[in-house]
Asks: 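Take a look at this one; I'll ask things after.
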Amino acid sequence: MSTRPRTPGHGAPAPGKLPITDLVSMKASHSPIAMITAYDAPSGRLADAAGADVILVGDSAAMTVLGHDSTVTATMEEMLVLTRAVTRGANRPLIVADMPFGSFQISDELAVTNAIRFVKDAGADAVKIEGAGTMLSRVRAIVGAGVPVMGHIGLTPQSATALGGFKAQGRTAAKAAELARDALALEAAGCFSLVLEAVPSPVAAKITELLSIPTIGIGAGPDVDGQVLVWHDLLGLYNGHAPRFVKQYANLSTEIQRAVEAYIGDVRERRFPEEVHTYGMPANELAAFEGELMSAAAKAPHSAPLPG
């Protein structure tokens, strides 16, 4: 599949780009939205070729790609590099950049500045922000600056410690009602879509009914408007403990290790490279080259004798 260069910027959708408004149409027609994370050009290209509607350049890269223990360590510069790479690989899907911890919490002004960087400098189509409450003003400010925002409530990894760890949210009536209020508030603030993470299925279903914008579930049951999974989780590439909501569709880590072990074995046993993997040269050129070496060796000063 060929790809075309993509110029970072925002405004009218690029040719072939899925318009954000189509997500609302998909919700209305009950056509499930398929969203997946990606972190580089090859994963963006493959997700596009597979038919993904939305690609999230997730701050989960801090764990899956960069080897950290949480998403909190992801920086703006790291996320910009990853987003640029994904936008070079994917054309049709909407590219949503995860705003990392510290890039939007401090002030509306900083949030807008960083959101614009994702769109203008990295080619993202939208950004994602975790949380509600005090974050509502951030959403309004970013949307007001012309950058689409995807919300994220339920289990929000950037604030997992405050939530009591990586566990389901909204499991009591009071907490479920709070999530519903947050969802409605984020919609009113201008979010075009909302991620519901680790939320009881009936709660996610009710929130989906309440909203006119599409919901994307991750551990939120089947009655949402779309689903998202992390690239490394569904492909079996991540060694960490996978949450219960992950469905693993392949075990590529085993296959990759097998391939690398085979390569190392071939190198050590001198089975690689074979003749088909090497380059030759015309016999007359080889003879001339050997002559040059002999001439150079004859002109080189002799080594001094070893002492003693």
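Computed from a prediction, not measured in an experiment: that's the story for all the values here.
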Asks: So, taking the atom named OG in S70 and the one named CE in M63, what distance separates them when rounded to the nearest 0.5 Å?
Replies: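 So the OG of S70 and the CE of M63 are separated by 7.0 Å.
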Asks: Counting distance only, does the side-chain N/O of T87 pair as donor-acceptor with the main-chain N or O of A122 below 3.5 Å?
Replies: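 Here the side-chain-to-backbone pair exists.
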Asks: Would you say E285's side chain and P282's backbone share a donor-acceptor pair under 3.5 angstrom?
Replies: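 Side chain of E285 to backbone of P282, a donor-acceptor pair under 3.5 Å: no, none is there.
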Asks: Please tell me if the side chains of L286 and E290 come closer than 4.5 Å, counting only heavy atoms from C-beta onward.
Replies: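 Yes; the side chains approach each other to less than 4.5 Å.
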Asks: Does the distance from a Lys or Arg side-chain N to an Asp or Glu carboxylate O, for E178 and R181, drop under 4.0 Å?
Replies: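 No.
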Asks: So how far is it from L179 CG to R171 CZ, rounded to the nearest 0.5 Å?
Replies: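 These two atoms lie 12.5 Å from each other.
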Asks: Indicate the atoms forming the closest heavy-atom contact of A183 with L211, along with that distance.
Replies: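 Shortest heavy-atom contact: O-CD2, 3.7 Å.
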Asks: Measure the shortest side-chain to side-chain distance between L186 and L136 over non-hydrogen atoms and say whether it is less than 4.5 angstrom.
Replies: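 Counting from C-beta outward, L186 and L136 do come under 4.5 Å.
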Asks: Indicate the atoms forming the closest heavy-atom contact of G151 with C191, along with that distance.
Replies: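 Nearest heavy atoms, G151 then C191: N-SG, 3.7 Å.
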Asks: Does any part of the side chain of M99, heavy atoms only, come nearer than 4.5 Å to the side chain of I142, both counted from C-beta?
Replies: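 They are in side-chain contact.
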Asks: Under the criterion side chain to side chain donor-acceptor pair (under 3.5 Å), which of T71, D98, D59 is the partner of Q158?
Replies: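 That would be D59; it is the only one of T71, D98, D59 passing the side chain to side chain donor-acceptor pair (under 3.5 Å) with Q158.
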Asks: I'd like to know if the side chain of K128 and the backbone of V149 have a donor-acceptor N/O pair within less than 3.5 Å.
Replies: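 Pair absent, no side-chain N/O of K128 close to backbone of V149.
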Asks: Would Y249 end up clustered with L235 when hydrophobic side chains under 4.5 Å apart are linked, directly or stepwise?
Replies: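 As far as the 4.5 Å side-chain criterion goes, L235 and Y249 are connected within one cluster.
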Asks: Would you give the length of the straight line joining atom CE of M79 to atom OG of S103, rounded to the nearest 0.5 angstrom?
Replies: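 One gets 9.0 Å once the value is rounded to the nearest 0.5 Å.
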Asks: Keeping E187 on the side-chain end and I213 on the backbone end, is there a donor-acceptor pair under 3.5 Å?
Replies: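 Yes.
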Asks: What are the two closest heavy atoms between I116 and A145, and how far apart are they?
Replies: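 Smallest heavy-atom distance, with atoms named: CD1-CB, 4.5 Å.
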Asks: Between L18 and L23, is any pair of side-chain heavy atoms under 4.5 Å apart?
Replies: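 Yes. Closest side-chain heavy atoms under 4.5 Å.
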Asks: Please check this pair: side chain of D22 against backbone of S25, looking for a donor-acceptor N/O pair closer than 3.5 Å.
Replies: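 Judged by distance alone, no pair lies under 3.5 Å.
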Asks: Are L184 and I207 in one and the same hydrophobic cluster, where Ile, Leu, Val, Met, Phe, Trp and Tyr link if side-chain heavy atoms are under 4.5 Å apart?
Replies: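 Linked within one cluster.
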Asks: For the atom pair OG1 (T208) and NZ (K27), what is the distance rounded to the nearest 0.5 Å?
Replies: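 One finds 5.5 Å between OG1 of T208 and NZ of K27.
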Asks: Please determine whether a side-chain nitrogen of the Lys or Arg among E130 and R138 lies less than 4.0 Å from a carboxylate oxygen of the Asp or Glu.
Replies: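 Salt bridge: no.
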Asks: Ignoring hydrogens, what is the shortest heavy-atom contact between G44 and V86? Give both atom names and the distance.
Replies: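 Answer, listing the atom of G44 first, then V86: CA-CG1, 4.3 Å.
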Asks: Please check if I20 and V228 belong to a single hydrophobic cluster, counting links between Ile, Leu, Val, Met, Phe, Trp and Tyr side chain heavy atoms closer than 4.5 Å.
Replies: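 Yes.
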Asks: Distance check, rounded to the nearest 0.5 Å: N284 atom CG versus M281 atom CE?
Replies: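 Nearest 0.5 Å value for the CG-CE distance: 8.5 Å.
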Asks: Kindly determine whether R258 and E261 satisfy salt bridge (charged side-chain N to carboxylate O under 4.0 Å, His left out), including the steps that lead there.
Replies: CA-CA 5 Å; R258 184 207 61 77; E261 287 174 349; over 6 Å; no
Asks: Would you say V143 and P148 make side-chain contact, with heavy atoms under 4.5 Å?
Replies: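 Answer no - side chains too far apart.
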Asks: Specify the closest pair of heavy atoms between I55 and A90, including all atoms of both residues, with the distance to one decimal.
Replies: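 Minimum heavy-atom separation between I55 and A90: CD1-CB, 3.6 Å.
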Asks: With rounding to the nearest 0.5 angstrom, report the CZ to CD1 distance, R88 to I95.
Replies: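 Spacing of CZ (R88) from CD1 (I95) equals 12.5 Å.
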Asks: Determine whether L196 and H152 make a side-chain contact, defined as any pair of heavy atoms from C-beta on separated by less than 4.5 Å.
Replies: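 No; the side chains remain at least 4.5 Å from each other.
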Asks: Within the 4.5 Å heavy-atom criterion, are I216 and V54 side-chain neighbours or not?
Replies: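 They are not in side-chain contact.
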Asks: Where the side chain of S295 meets the backbone of E292, is there a donor-acceptor pair that is under 3.5 Å apart?
Replies: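 No: the side chain of S295 does not pair with the backbone of E292.
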Asks: Within a strict 4.5 Å, meaning less than it, do heavy atoms of the R140 and D108 side chains meet?
Replies: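 A side-chain contact under 4.5 Å is absent here.
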Asks: Among D53, D125, D48, which residue satisfies the salt bridge (Lys or Arg N to Asp or Glu O under 4.0 Å) criterion with R92?
Replies: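 Output: one option passes, namely D53.
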Asks: Can you tell me how the ring of F272 sits relative to the ring of Y263, calling it parallel under 30°, perpendicular over 60° and tilted otherwise?
Replies: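 Ring orientation of F272 relative to Y263: perpendicular.
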Asks: Do you know the tightest heavy-atom contact between G221 and S201?
Replies: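 Closest pair (atom of G221, atom of S201, distance): CA-OG, 3.7 Å.
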Asks: Linking I/L/V/M/F/W/Y whenever their side-chain heavy atoms sit closer than 4.5 Å, directly or via other members, would M150 and V24 fall into one cluster?
Replies: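 Result: no, two separate clusters.
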Asks: Is K247 paired with D233 through a side-chain N to carboxylate O contact shorter than 4.0 Å?
Replies: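 No salt bridge links D233 with K247.
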Asks: Cluster question for you: counting only ILVMFWY and a side-chain heavy-atom cut-off of under 4.5 Å, with indirect links fine, are I256 and Y39 together?
Replies: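 The answer is yes; both residues are in one hydrophobic cluster.
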Asks: Just checking M294: does its CE atom have more than 12 heavy atoms from other residues, nucleotides or ligands closer to it than 6.0 angstrom?
Replies: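 Open: at most 12 neighbouring heavy atoms sit under 6.0 Å from CE of M294.
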